[in-house]
Participant: 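Pasting a structure here, questions to come.
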Number of protein chains: 2
Amino acid sequence: MDVARSEILEAGIPLACHSCQARHGVVCGALSSRQLKELNRHSLRRKMEAGCEIIAQGSESSFYSNIMSGVVKLCKMMPDGRQQIVGLQFAPDFVGRPFVRESTLSAEAATDAEICVFPRNLFDRMISETPELQRSLHDQALKELDAAREWMLTLGRRTAEEKVASLLYLIATHAEPQTATSAAFDLPLSRAEIADFLGLTIETVSRQMTRLRKRGIILIENSRHIIVPDMDELERITA
Amino acid sequence: MDVARSEILEAGIPLACHSCQARHGVVCGALSSRQLKELNRHSLRRKMEAGCEIIAQGSESSFYSNIMSGVVKLCKMMPDGRQQIVGLQFAPDFVGRPFVRESTLSAEAATDAEICVFPRNLFDRMISETPELQRSLHDQALKELDAAREWMLTLGRRTAEEKVASLLYLIATHAEPQTATSAAFDLPLSRAEIADFLGLTIETVSRQMTRLRKRGIILIENSRHIIVPDMDELERITA
DNA sequence: CGACTTCTTGAAGAAGGTCAACATTTGTGG
DNA sequence: CCACAAATGTTGACCTTCTTCAAGAAGTCG
């Protein structure tokens, strides 16, 4: 579609949506321009700093959100403080749990992030009125389910080395600057968060990272910035 | 609802559905009697022996199923043979992955089971024509997602003892004969399957089971039949 | 009853966790 | 802009948990 035509088609939609990363995402891509206008009227854009909580585990949230930029982590916490990251979400994903008031997990900005927040009541009504939207959310739920199950395999059956390699591979394939064979990216997670994702300790993560570095599988600059010269080789270690 | 009235309301539906456990389940509970008749016309009831595969990982299945009785396990297998069970499903759950042809996991009867099989094409059409059905399947997907994430916490952060206790607790709360405080049930899984579910080895599972037995948390008869005198105590060990 | 599978138990070993010290990066106020 | 403090990451030594390997016990099925 050329630019002029795209602008004509987009003429009726809210200004704020024009350059929004989530414009054609799970939620907004399934709405009519009338619905988009209505949702926008009740939406709020928020900048979140890394570490900021979007939804608290056990709380009743009356809001949903779209991720416009950044990475959001979904966490589960045990009473004694043990913690497990159970999902990572990227723009333009939808954040929230339709049909259930109380959240069984917390959502937290892993990096600085921008989200678009809108009220539960309004959106629940839109879901029930818009089969296309229902279908789109259903689709995201199924994708998250696939991802969760893939991760269960990693948690249950892979070694520490394979776990770390799997995470790096996951992030590399979601981050942008990627050539055919190599990749370079900033980790959106600290070592502690990586440990919580992989069911390991900080120390084990650190040791496995330096092992991968010493074997030439990855280059580490500044501990957050990673270069993978050969993605195929990294994938092989994933098992 | 009394029996006479229920029989009148059910008059228009297929005979096979009358006493079906899945009649008011995720799928059939969301269908009109006309749709139920149509689906029934193209359905096939199958008895599956324990161990029998319903869908193979990596295959393209042109069928979906409803579980009428028994327990179905969802498995992921690595090329080197390592295996992880990523979900258990009970009657009247729906089995299959809408919108995607190729299955990323296998589904296998864990116990003897009866399933009701119906063609993909027909059912995909029904989904798109029936918002209520879409919603119902969406709901099941979200419940499975919650369960998967709960299990990720178990796989990543619980000890072997807590894992075994968690599984026993999960099965006890899904099996029928349960009083206020105690429970008695047959394990639908062998030790090997339990190990594959918990990310452990057979030996560790066995050792933890006898530890729980020696501490009086559970009684083991005939290695498959388990009695839990005090469910609260079992839950406590779950952490 | 005997052959097979499944489950249990023991001894030894390895993977990953814990504790502690140190290095590096980041942030803050002078 | 530097100095210092705090947070984050790395490394080493030791220890615990779980796995591996091996043998034996208990069910299960012909």
Participant: Can R46(A) and E114(A) be counted as an ion pair, charged N to O under 4.0 angstrom?
Facilitator: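 No salt bridge links R46(A) with E114(A).
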Participant: Starting from P on dA21(C), measure out to CD1 on I202(A) and report it in whole angstrom.
Facilitator: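 Computing the I202(A):CD1 to dA21(C):P distance gives 17 Å.
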Participant: Which whole-number value in Å describes the distance from E161(B) CD to dC18(D) C1'?
Facilitator: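 For the pair E161(B) CD and dC18(D) C1', the rounded distance is 13 Å.
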Participant: If you find the nucleotide of DNA chain D closest to R191(A) and the one closest to R158(B), which residue's nucleotide is nearer the 5' end?
Facilitator: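 The residue closer to the strand's 5' end, by nearest nucleotide, is R191(A).
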Participant: Would you call R236(B)-D232(B) a salt bridge at under 4.0 Å N-O?
Facilitator: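 No, this pair does not count.
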Participant: Counting any heavy atom closer than 4.0 Å, what does S206(A) reach on the DNA or RNA strands: base, sugar-phosphate only, or nothing?
Facilitator: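 Base: the residue S206(A), judged by heavy atoms under 4.0 Å, touches a nucleobase.
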Participant: Mind calculating the distance between CG (L200(B)) and P (dT16(D)) to the nearest angstrom?
Facilitator: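 Value for this atom pair: 20 Å.
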Participant: Return the nearest nucleotide to the side chain of A160(B); candidates are dC7(C), dC18(D), dT9(C).
Facilitator: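 Looking only at heavy atoms from C-beta outward on A160(B), the closest nucleotide is dC18(D).
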Participant: Sequence neighbours excluded, which residues qualify as salt bridge (Lys or Arg N to Asp or Glu O under 4.0 Å) partners of R120(A)?
Facilitator: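 Partners of R120(A) by the salt bridge (Lys or Arg N to Asp or Glu O under 4.0 Å) criterion, ordered by chain and then number, come out as D124(A).
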Participant: Report the distance from atom CG of L189(B) to atom P of dC7(C), rounded to the nearest whole Å.
Facilitator: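 Atom-to-atom, L189(B) to dC7(C), this comes out as 10 Å.
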Participant: If you compare every side-chain N and O of T210(B) against the phosphate oxygens of dT9(C) (OP1, OP2), does one of them come in below 4.0 Å?
Facilitator: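 Yes, T210(B) has a side-chain N/O under 4.0 Å of OP1/OP2 on dT9(C).
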Participant: Does R157(A) or S190(A) map to a spot on DNA chain D nearer the 5' end, using the closest nucleotide for each?
Facilitator: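 With R157(A) and S190(A) compared, the 5'-side residue is S190(A).
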Participant: Any N or O donor-acceptor pair under 3.5 Å from the base of dC19(C) to the side chain of E203(A)?
Facilitator: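 Between dC19(C) and E203(A), which were checked side chain against base, a qualifying N/O pair under 3.5 Å is present.
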Participant: Can you tell me how far P of dT8(D) sits from NE2 of H225(A), to the nearest Å?
Facilitator: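 Distance check: H225(A) NE2 to dT8(D) P gives 21 Å.
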Participant: Anything under 30° is parallel, anything over 60° is perpendicular, the rest tilted; go ahead and classify F123(A) against Y64(A).
Facilitator: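 F123(A) and Y64(A): perpendicular rings.
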Participant: I need the CZ-P distance between R82(A) and dG17(C), as an integer number of Å.
Facilitator: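 Nearest whole value for this atom pair: 13 Å.
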Participant: With distance as the sole criterion, do the side chain of R207(B) and the base of dG10(C) form a donor-acceptor contact below 3.5 Å?
Facilitator: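 A donor-acceptor contact between them is present.
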Participant: Starting at atom CG of N222(B), determine the distance to atom P of dT28(D), rounded to an integer number of angstrom.
Facilitator: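 Value for this atom pair: 5 Å.
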Participant: Under 4.0 Å between a Lys/Arg side-chain N and an Asp/Glu carboxylate O for R157(B) and E162(B)?
Facilitator: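 Salt bridge: no.
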Participant: Rounding to a whole Å, what distance do you find between E193(B):CD and dC7(C):P?
Facilitator: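 Result: 9 Å.
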Participant: Verify the contact: side-chain N or O of T204(A) to OP1 or OP2 of dG17(C), cut-off strictly under 4.0 Å; return yes or no.
Facilitator: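 It does, given that an N or O in the side chain of T204(A) lies less than 4.0 Å from OP1 or OP2 of dG17(C).
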